[in-house]
Visitor: 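Attaching a single structure in structure tokens format; questions to follow.
Ligands are counted one by one from 1 in listed order, and the atoms in each one are counted from 1 as well.
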Amino acid sequence: MQKLQVDDLTGVSETLLIPLHYRVEESRAGSGSYKDDMAERFHDAIAYEWDKFHDSALQQSAIAARTAILDDQVKAFIATNPDALIVNLGAGLDTRFHRLDNGKIEWIELDLAAVIAFRQKLGEPTNPRHILFAASVFDRDRWIPEVRRHARPRVLFVAEGLFPYFTEEQHKEIFGSLAGNFPGREMLFQTSAPSIVRDFVQHSALSKLRTSVDLQWGLEDSTDVSLLNPKVQFVSEFPLLTDYEKLPPRVRQRLSPDQMRKAGKIVRVRFIAASMDRP
Ligand SMILES: C[S@@+](CC[C@H](N)C(=O)[O-])C[C@H]1O[C@@H](n2cnc3c(N)ncnc32)[C@H](O)[C@@H]1O
């Protein structure tokens, strides 16, 4: 079969190839953290110069960690809420639905139209509980009614690798939309401290994309998330890198253990419900 060209994946959308690649490396390494046949299938079907992403052990371990943390968190949510709706913002070619499906959940993969069209050409098995929805997260008039239409008593939002490409103003806009429309719901998202991470971007896989993409903004301290919108409540955080001794010596020279924990993390927040609104 002829491989799929990536010409339509431009700007931030091309970045979806980075986590796909490192998840596949992890899956093929057989380290036991997870096996992802669907991701391997996607990877094999795409024509891309994958070799250029070799030699980035740090990024691979950060992506393996964020995959494992989110898998654990989403799995636990599904275990207690077997009929939940999961909304994956900036889904790219994420295959978590296939890894965690319990036969009852509903799952919306939301991404830009070009990405959804690309994904639809990859021969992914269809499932009426697995919805691919084309919209920008800034197009709230399109995606919020879609989520409401599918809403179930328990809903969890996930945003993995999406927010770091947005400015602080754009963060405020998205968090405002979520907090205003989904009180009582929770979100797991990835963020990185720009003061620490920006220094590493020039050597990372991001610098090897065909189009130039930059990290824009993130939370230096996860608890500051409430400054984006007072109806967003910090619940917990999970640093992506935790073993300082495992960092390459050249990275340790530029990073303290505290900076390592702040550099990249998964943050869990709750959108405050009206009844919790009072001081
Ligand atoms: C680094 S990729 C992450 C993909 C996926 N979450 C993963 O971890 O494999 C960032 C994704 O965000 C999507 N994206 C960028 N801007 C977006 C927007 N305004 N609305 C929805 N998705 C967007 C891109 O198309 C891309 O798929």
Visitor: Below 4.0 Å, non-hydrogen atoms only: which portion of A91 touches ligand 1? Side chain, backbone, both or neither.
Guide: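 Answer for A91: backbone.
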Visitor: So, 4.0 Å and heavy atoms of V115: is ligand 1 close enough to count as a contact?
Guide: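 Per 4.0 Å heavy-atom rule, V115 contacts ligand 1.
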Visitor: Please say whether G90 places an N or O atom under 3.5 Å from an N or O atom belonging to ligand 1.
Guide: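 Min N/O separation from ligand 1 is below 3.5 Å for G90.
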Visitor: Could you tell me if any non-hydrogen atom of A159 lies under 4.0 Å from any atom of ligand 1?
Guide: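 Not so, A159 does not reach ligand 1.
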Visitor: Taking salt bridge (Lys or Arg N to Asp or Glu O under 4.0 Å) as the criterion, tell me which of R129, R152, R149 meets it with E106.
Guide: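 Running salt bridge (Lys or Arg N to Asp or Glu O under 4.0 Å) over R129, R152, R149 with E106 returns exactly one hit, R152.
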Visitor: Would you say ligand 1 has an N or O under 3.5 Å from any N or O of D111?
Guide: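 Yes.
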Visitor: What part of S13 sits under 4.0 Å from ligand 1 if we count only heavy atoms: the side chain, the backbone, both or neither?
Guide: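 Both backbone and side chain.
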Visitor: If I take atom CG from residue L240 and atom CE from residue M260, how far apart are they, to the nearest 0.5 angstrom?
Guide: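 That separation rounds to 10.5 Å.
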Visitor: Are any of the N/O atoms on D94, whether in the backbone or the side chain, positioned under 3.5 angstrom from an N/O atom of ligand 1?
Guide: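 No.
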Visitor: Hey, is ligand 1 close enough to G161 that some N/O pair sits below 3.5 Å?
Guide: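 No, no N or O pair falls under 3.5 Å.
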Visitor: With backbone taken as N, CA, C and O and side chain as the heavy atoms from C-beta onward, which portion of F118 lies under 4.0 Å from ligand 1: side chain, backbone, both, or neither?
Guide: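 None of F118 does.
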Visitor: Please work out whether any backbone atom (N, CA, C, O) or any side-chain heavy atom from C-beta onward of H21 is under 4.0 Å from ligand 1, and answer side chain, backbone, both or neither.
Guide: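 The answer is neither.
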Visitor: Q190: heavy atom below 4.0 Å from ligand 1, yes or no?
Guide: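 Q190 does not count as a contact of ligand 1 under the 4.0 Å cut-off.
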Visitor: Just wondering, do I78 and L156 contact through their side chains at under 4.5 Å, heavy atoms?
Guide: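 When only atoms from C-beta onward are counted, I78 and L156 do not touch, as no gap falls below 4.5 Å.
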Visitor: Report the part of T15 in contact with ligand 1, treating N, CA, C, O as backbone and CB onward as side chain, heavy atoms under 4.0 Å; options are side chain, backbone, both, neither.
Guide: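 Both backbone and side chain.
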Visitor: Which heavy atom of L112 sits nearest to which heavy atom of S13, and what is that distance?
Guide: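 Looking at all heavy atoms of both residues, the shortest contact is CD1-OG, 3.7 Å.
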